[in-house]
Amino acid sequence: MTAYHRKINTGILAKGTMKNYGATEKYFKNFLTTQLHRDDIFLIELDYEFLTEFEHYVRNNPIKASDPCVGNGVIKHLQRLRGMVSWAKKLKWIEIDPLEDYTQNPKKPKRKKLDLYELMRIEQHQRAVRCRCRDGRPGETG
């Protein structure tokens with residue numbers, strides 16, 4: 001399923017999106033080999049328990065030790081996997097989507113509001129950039 005998805009969507013989906021699907025595929029393959037001691041799995045074998053175990057695996061087994069996957073990153077991998085399974089149903093490879101009941105709750109990121117000083121610095125920077133663009137050299141703005 002993942003190889004076919006890659007084959008069909010390379011060149012259609014953006015390069016960054018395909019890179020993200022590649023990371024999901026790598027997690028999926030690593031999970032199959034290390035946890036289930038298999039190279040592949042039948043779509044019919046996917047179920048809620050499988051996705052729960054896969055989520056746990058992604059959270060606790062980063063592809064790069066220096067870059068753990070937590071929070072919304074884990075949810076994105078699950079969404080991509082669920083999307084591929086849903087796509088397999090549309091292709092009539094399976095009759096029902098075994099993962100459709102699995103829900104995730106992405107957390108909305110909290111962003112700190114900029115203070116007045118930070119806003120002023122951005123405005124000054126933008127003025128300086130506009131000035132450089134007009135005459136090709138740095139200078140004062142009016």
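Hydrogens, waters and symmetry mates are skipped; everything else that's a heavy atom, side chains included, is used. Note that this is a predicted model, so its numbers are computed, not measured.
Side chain of Ser86 to main chain of Arg82: no donor-acceptor pair is present (N/O by atom type, distance under 3.5 Å, no hydrogens or angles). Distance alone, capped at 3.5 Å, places no donor-acceptor pair between the Asn72 side chain and the Ile75 backbone. With hydrogens and angles disregarded, a donor-acceptor distance shorter than 3.5 Å links the side chain of Thr33 to the backbone of Asn30. Asn9 places no side-chain N or O within donor-acceptor distance of the main-chain N or O of Ile12, the cut-off being under 3.5 Å. Checked by atom type and distance alone, the side chain of Gln126 never pairs as donor or acceptor with a backbone atom of Glu123 at under 3.5 Å.
Taking every heavy atom of both residues into account, Glu118 and Lys113 meet most closely at OE1-O, 4.3 Å. What you find for Asp97 and Leu99 is that their closest heavy atoms are OD1-N, 2.9 Å. When all heavy atoms are compared, the tightest approach of Leu43 to Ala88 is CD1-CB, 3.7 Å. Looking at every heavy atom in both residues, Asp40 comes nearest to Leu32 through CA-CD1, 4.0 Å. Minimum interatomic distance between Thr24 and Phe54 (heavy atoms only, all atoms of both residues): O-CZ, 4.4 Å. When all heavy atoms of Tyr27 and His77 are compared, the pair lying nearest together is CE1-NE2, 3.5 Å.
Contact annotation: the side chain of Lys76 approaches that of Gln79 to within less than 4.5 Å [non-hydrogen atoms, C-beta and beyond]. Side-chain contact between Thr2 and Lys29 is present, with heavy atoms from C-beta onward closer than 4.5 Å. In this structure the side chain of Asp67 never reaches within 4.5 angstrom of the side chain of Pro62, judged on heavy atoms. Side-chain contact between Pro98 and Phe50: absent, with no pair of heavy atoms (C-beta onward) separated by less than 4.5 Å. A 4.5 Å side-chain heavy-atom check between Gln35 and Glu53 finds every atom pair outside the cut-off. Residues Ile94 and Val85 are in side-chain contact: their nearest non-hydrogen atoms beyond the backbone lie under 4.5 Å apart.
From Arg121, atom CZ reaches atom CG of Asp115 across 10.0 Å, with rounding to the nearest 0.5 Å. Atom CD1 of Ile122 and atom OH of Tyr117 lie 11.5 Å apart (nearest 0.5 Å). For the atom pair SG of Cys69 and CD of Glu55, the computed distance is 10.0 Å after rounding to the nearest 0.5 Å. Rounded to the nearest 0.5 angstrom, Met1 CE and Leu91 CG are separated by 11.0 Å. We find the CG-CG distance between Leu51 and Leu78 to be 5.0 Å, quoted to the nearest 0.5 Å.
Residue Ile8 places its CD1 atom among more than 12 non-hydrogen atoms of other residues, nucleotides or ligands, all under 6.0 Å distant. Remark: Asp39 CG is loosely packed, at most 12 non-hydrogen atoms of other residues, nucleotides or ligands lying under 6.0 Å away.
The aromatic rings of Trp93 and Tyr4 lie tilted to each other, with the angle between the two planes from 30° to 60°.
Cluster annotation: Tyr57 is connected to Leu36 through the hydrophobic network of ILVMFWY side chains, with a link wherever side-chain heavy atoms come within less than 4.5 Å. Connection of Met84 to Ile44 is not established within any shared hydrophobic cluster, with ILVMFWY side chains joined at heavy-atom distances below 4.5 Å, either directly or through further cluster members. Both Tyr48 and Val74 are members of a single hydrophobic cluster when ILVMFWY side chains are connected at heavy-atom separations under 4.5 Å. Val70 and Phe31 end up in different hydrophobic clusters when Ile, Leu, Val, Met, Phe, Trp and Tyr side chains are linked at under 4.5 Å.
His56 and Arg59 are not linked by any side-chain donor-acceptor pair at a separation below 3.5 angstrom, with hydrogens and angles left out of the test.
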Apply side-chain contact (heavy atoms from CB on, under 4.5 Å) to the pair Leu13 and His5, showing each step before the final yes or no.
-> CA-CA 11 Å; Leu13 297 176; His5 181 272; 4.3 Å; yes
CA sep, side-chain torsions, deciding dist, call: Thr17, Arg80, side-chain contact (heavy atoms from CB on, under 4.5 Å) = CA-CA 10 Å; Thr17 301; Arg80 285 189 284 272; over 6 Å; no
